[in-house]
Amino acid sequence: DFVPTLMPATQQPFIIKAYRYQGFSIRATEKWGDQTANILTSEGKTKADANATRARWVDVNGISAVPEGRSGVLFLSNPANFNFPETLRVWPVGENRGVENVYVNFNPSQERDRVLMPGNRYALKYRMFVYDGRITPQEAERLWRDYADPPRVDVRPAGAAW
């Protein structure tokens, strides 16, 4: 889990201007490019069409040295985050001649400014699930649901009324 917290250090509102590069990002290994890596979002978008769309999760995977031949990172965004589901910045197919060009970014302020008021704390919450091999979209969705709405356990003494 990664939970950055923003706390304005000014006496005036602090404005994060809308821009395509900010938020929580990964710039993948140089081995990942158009032919060696895949991107899939919770909305079924790929590297070809995910840029500037919204998603709850993003699966980024590619070739690796593990016996399975692939590894990846599933990025999960929390429903409590500002502007959820967040807008994505994804480098398009063909960027950098198709090599060394896997960049994915959850960007809550890509489309609109965010105003941070003095004296307040603003958290963003993310989870990274790192894996070898592959995961299915159904597994990714289950992992996101477990993160977004964790199972709850209620333990009561024997004989206690429910």
Side-chain angles (χ1 to χ4, degrees), residues 1-7 14-29 31-64 66 68-96 100-117 120-154:
D1 288 355
F2 179 64
V3 184
T5 301
L6 306 171
M7 298 174 291
F14 182 83
I15 300 172
I16 299 174
K17 301 298 283 180
Y19 186 66
R20 68 180 181 251
Y21 286 108
Q22 54 186 312
F24 185 55
S25 309
I26 179 175
R27 171 89 192 271
T29 173
K31 295 176 183 175
W32 289 5
D34 290 350
Q35 303 302 313
T36 57
N38 295 306
I39 294 171
L40 181 68
T41 76
S42 58
E43 308 311 304
K45 303 291 185 181
T46 66
K47 189 172 190 335
D49 60 357
N51 189 53
T53 65
R54 292 179 177 273
R56 299 180 312 279
W57 55 260
V58 180
D59 181 28
V60 182
N61 65 76
I63 61 168
S64 71
V66 299
E68 294 83 359
R70 292 193 81 77
S71 60
V73 182
L74 176 66
F75 292 91
L76 309 169
S77 177
N78 194 286
N81 286 354
F82 173 75
N83 210 12
F84 177 85
E86 295 166 73
T87 308
L88 300 173
R89 170 71 175 135
V90 176
W91 281 354
V93 172
E95 188 78 17
N96 199 36
E100 299 180 19
N101 75 326
V102 174
Y103 176 89
V104 177
N105 171 255
F106 272 118
N107 187 340
S109 300
Q110 184 168 322
E111 298 174 328
R112 65 180 173 147
D113 294 350
R114 182 175 187 190
V115 178
L116 306 180
M117 300 304 291
N120 292 332
R121 299 168 72 98
Y122 300 88
L124 292 169
K125 299 177 182 180
Y126 302 98
R127 177 169 287 172
M128 295 163 285
F129 179 78
V130 180
Y131 62 90
D132 290 335
R134 296 179 185 264
I135 62 171
T136 66
Q138 295 78 17
E139 290 170 314
E141 184 66 20
R142 180 189 54 78
L143 288 163
W144 180 79
R145 289 192 185 285
D146 287 350
Y147 172 59
D149 187 21
R152 291 169 184 77
V153 176
D154 187 1

Can you tell if the side chain of [X] reaches within under 4.5 Å of the side chain of [Y], non-hydrogen atoms only?
| X | Y | value |
| --- | --- | --- |
| Glu100 | Trp32 | no |
| Leu40 | Pro137 | yes |
| Ile63 | Arg70 | yes |
| Leu124 | Pro4 | yes |
| Ile26 | Phe75 | yes |
| Arg127 | Phe2 | no |
| Ile39 | Asp59 | no |

Report task. Answer yes or no: is there an ion pair linking Asp146 with Arg142, defined by an N-O contact shorter than 4.0 Å? Result ->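 Yes, Asp146 and Arg142 are salt-bridged.
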Query raised in the report: Would you call Glu139 and Arg134 a salt bridge, using N to O less than 4.0 angstrom?
Result: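 Salt bridge flag = no for Arg134 with Glu139.
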Query raised in the report: Can Tyr19 and Asp113 be said to form a side chain to side chain donor-acceptor pair (under 3.5 Å), step by step?
Result: CA-CA 8 Å; Tyr19 186 66; Asp113 294 350; over 6 Å; no
Query raised in the report: Between atom CZ of Phe14 and atom CG of Leu6, what is the distance when rounded to the nearest 0.5 Å?
Result: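 Between Phe14 CZ and Leu6 CG, I get 8.5 Å after rounding to 0.5 Å.
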Query raised in the report: So how far is it from Leu88 CG to Ser42 OG, rounded to the nearest 0.5 Å?
Result: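 It comes to 8.0 Å.
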Report task. Starting from the C-alpha separation in whole Å, work towards a yes-or-no answer on side-chain contact (heavy atoms from CB on, under 4.5 Å) for Glu141 and Leu143. Result -> CA-CA 5 Å; Glu141 184 66 20; Leu143 288 163; over 6 Å; no
Query raised in the report: Hey, is the main chain of Pro85 close enough, under 3.5 Å, to the side chain of Arg54 for a donor-acceptor pair?
Result: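 Judged by distance alone, yes, a pair lies under 3.5 Å.
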Query raised in the report: Is the side chain of Asn101 donor-acceptor paired with the backbone N or O of Glu95 at a distance under 3.5 Å, no angle test?
Result: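 A pair under 3.5 Å: yes.
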Requested in this report: Tell me, yes or no, whether the heavy-atom count around Phe84 atom CZ, taken from other residues, nucleotides or ligands under 6.0 Å, exceeds 12.
Outcome: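 Yes.
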Report task. Look at the rings of Phe24 and Tyr126 and say which category their plane angle falls in: under 30° parallel, 30 to 60° tilted, over 60° perpendicular. Result ->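 Phe24 and Tyr126: parallel rings.
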Report task. Show your working on side chain to side chain donor-acceptor pair (under 3.5 Å) between Arg89 and Tyr103 and close with a plain yes or no. Result -> CA-CA 8 Å; Arg89 170 71 175 135; Tyr103 176 89; over 6 Å; no
Query - Pairs meeting criterion salt bridge (Lys or Arg N to Asp or Glu O under 4.0 Å) with involvement of residues 31-46, two or more places apart - result: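 Those involving residues 31-46 are Asp34-Lys47, Glu43-Arg56.
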Query raised in the report: Step by step, would you call Asn83 with Asn81 a side chain to side chain donor-acceptor pair (under 3.5 Å)?
Result: CA-CA 6 Å; Asn83 210 12; Asn81 286 354; over 6 Å; no
